[in-house]
Amino acid sequence: QVQLVESGGGLVQAGGSLRLSCAASGRTFTDHAMAWFRQAPGKEREFVAGISWTATTYYIDSVKGRFTISRDSAKTTVYLQMNSLKPEDTAIYYCAARYGHAYSSERDYPYWGQGTQVTVSS
């Protein structure tokens, strides 16, 4: 059974940093892309960052230069380093996985974590 488990969320002041982790288990993920999505209150879930099985990375414009996605050498854990956080980054952050390359549509991802709350105070 595939499991994605996020951790690292919390409350931080604007300008601060958090590092999210997502541990994957239940199958081999070496040929899978992994991504982070987020959903703010009253808004649709949106793609934040993704990393393909080739290690190519993708970001939405609003987080470029502030967030960094990476994964460990075993490709079982993906990280999202979030710096210079803003109140508008407040959301539930979800980890997702799919075979091959990273795409920005949530419909392309069959595997999801339960989410971790990130709250940025002003």
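This chain uses plain numbering: 1 for the first residue, then up along the sequence. Given the structure is predicted, the values throughout are model-derived calculations rather than measurements.
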**Q** Say you draw a straight line from NZ of Lys64 to OG1 of Thr57; how long is it, rounded to the nearest 0.5 Å?
**A** 9.5 Å
**Q** Hydrophobic clustering (ILVMFWY, side-chain heavy atoms < 4.5 Å, transitive) - are Leu85 and Ile60 grouped together?
**A** yes
**Q** Set out, in order, the CA-CA distance, both residues' side-chain angles and the distance that settles side-chain contact (heavy atoms from CB on, under 4.5 Å) for Tyr94 and Val48, then state yes or no.
**A** CA-CA 10 Å; Tyr94 297 90; Val48 176; over 6 Å; no
**Q** What distance do Glu46 atom CD and Ser105 atom OG have between them, rounded to the nearest 0.5 Å?
**A** 13.0 Å
**Q** Are any of the side-chain heavy atoms of Phe47 and Glu106 separated by less than 4.5 Å?
**A** no
**Q** List the atom of Leu11, the atom of Ser121, and the distance in Å for their closest heavy-atom pair.
**A** CD1-CB, 4.4 Å
**Q** OG of Ser52 to NE2 of His32: how many Å apart, nearest 0.5 Å?
**A** 12.0 Å
**Q** Here's a test for you: under side chain to side chain contact (heavy atoms under 4.5 Å, CB included), which of Glu6, Arg38, Gln39 qualifies with Tyr93?
**A**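 Exactly one candidate clears the test, Arg38.
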**Q** Heavy atoms only: give me the nearest Ala49-Leu80 pair and the separation to one decimal.
**A**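 Heavy atoms of Ala49 and Leu80 come nearest at CB-CD1, 4.1 Å.
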**Q** Quick one: which residue pairs count as a ring-ring contact (aromatic ring centres under 6.0 Å, His included) with a foot in residues 103-122, not counting sequence neighbours?
**A**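 As it turns out, the ring-ring contact (aromatic ring centres under 6.0 Å, His included) pairs with a partner in residues 103-122, which skip direct neighbours, are Phe37-Tyr109, Phe37-Trp112.
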**Q** Tell me, with the steps shown, if Arg66 and Met82 meet side-chain contact (heavy atoms from CB on, under 4.5 Å).
**A** CA-CA 6 Å; Arg66 300 189 298 123; Met82 305 186 294; over 6 Å; no
**Q** Please report the closest heavy-atom contact between Gln117 and Ala91, naming both atoms and the distance.
**A**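 Where Gln117 meets Ala91 most closely, the heavy atoms are NE2-O, 3.4 Å.
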**Q** Between Trp53 and His101, is the side-chain contact (heavy atoms from CB on, under 4.5 Å) condition met? List the steps.
**A** CA-CA 6 Å; Trp53 70 277; His101 293 285; 4.0 Å; yes
**Q** Output the distance between atom OG (Ser70) and atom CZ (Arg19), rounded to the nearest 0.5 Å.
**A**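 Taking OG in Ser70 and CZ in Arg19, the distance rounds to 6.0 Å.
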**Q** I need the Tyr59 OH to Ile69 CD1 distance, nearest 0.5 Å.
**A** 6.5 Å
**Q** Linking I/L/V/M/F/W/Y whenever any side-chain heavy atoms sit under 4.5 Å apart, do Ile51 and Val2 land together?
**A** yes
**Q** Going through the checks in order, is the side-chain contact (heavy atoms from CB on, under 4.5 Å) test met by Tyr79 and Leu20?
**A** CA-CA 5 Å; Tyr79 306 97; Leu20 304 183; over 6 Å; no
**Q** Roughly how far, to the nearest 0.5 Å, is the OG1 atom of Thr76 from the CG atom of Leu4?
**A** 11.0 Å
**Q** If I compare all heavy atoms of Ala97 with all of Pro110, which pair ends up nearest, and what's the gap?
**A**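 Heavy atoms of Ala97 and Pro110 come nearest at O-CD, 3.2 Å.
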**Q** Testing the basics here: between Cys95 and Val78, what is the closest heavy-atom pair and its distance to 0.1 Å?
**A** SG-CG1, 3.8 Å
**Q** Mind checking what makes ring pair (Phe, Tyr, Trp, His ring centres under 6.0 Å) contact with Tyr58, not counting sequence neighbours?
**A**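 In terms of ring pair (Phe, Tyr, Trp, His ring centres under 6.0 Å), with neighbours along the sequence ignored, Tyr58 is linked to no residue.
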**Q** Output yes when Asp89 and Lys86 qualify as a salt bridge under the 4.0 Å nitrogen-oxygen rule, no when they do not.
**A** no
**Q** Would you say the side chain of Ile92 lies within less than 4.5 Å of the side chain of Thr116, judging by non-hydrogen atoms?
**A**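 No, every pair of side-chain atoms sits at 4.5 Å or beyond.
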**Q** Heavy atoms only: give me the nearest Ser17-Asn83 pair and the separation to one decimal.
**A**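 Between these two residues, the closest heavy atoms are OG-OD1, 2.9 Å.
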**Q** Looking just at side-chain N and O atoms, do Thr54 and Thr56 make a donor-acceptor pair shorter than 3.5 Å?
**A**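 The answer is yes; a qualifying pair exists.
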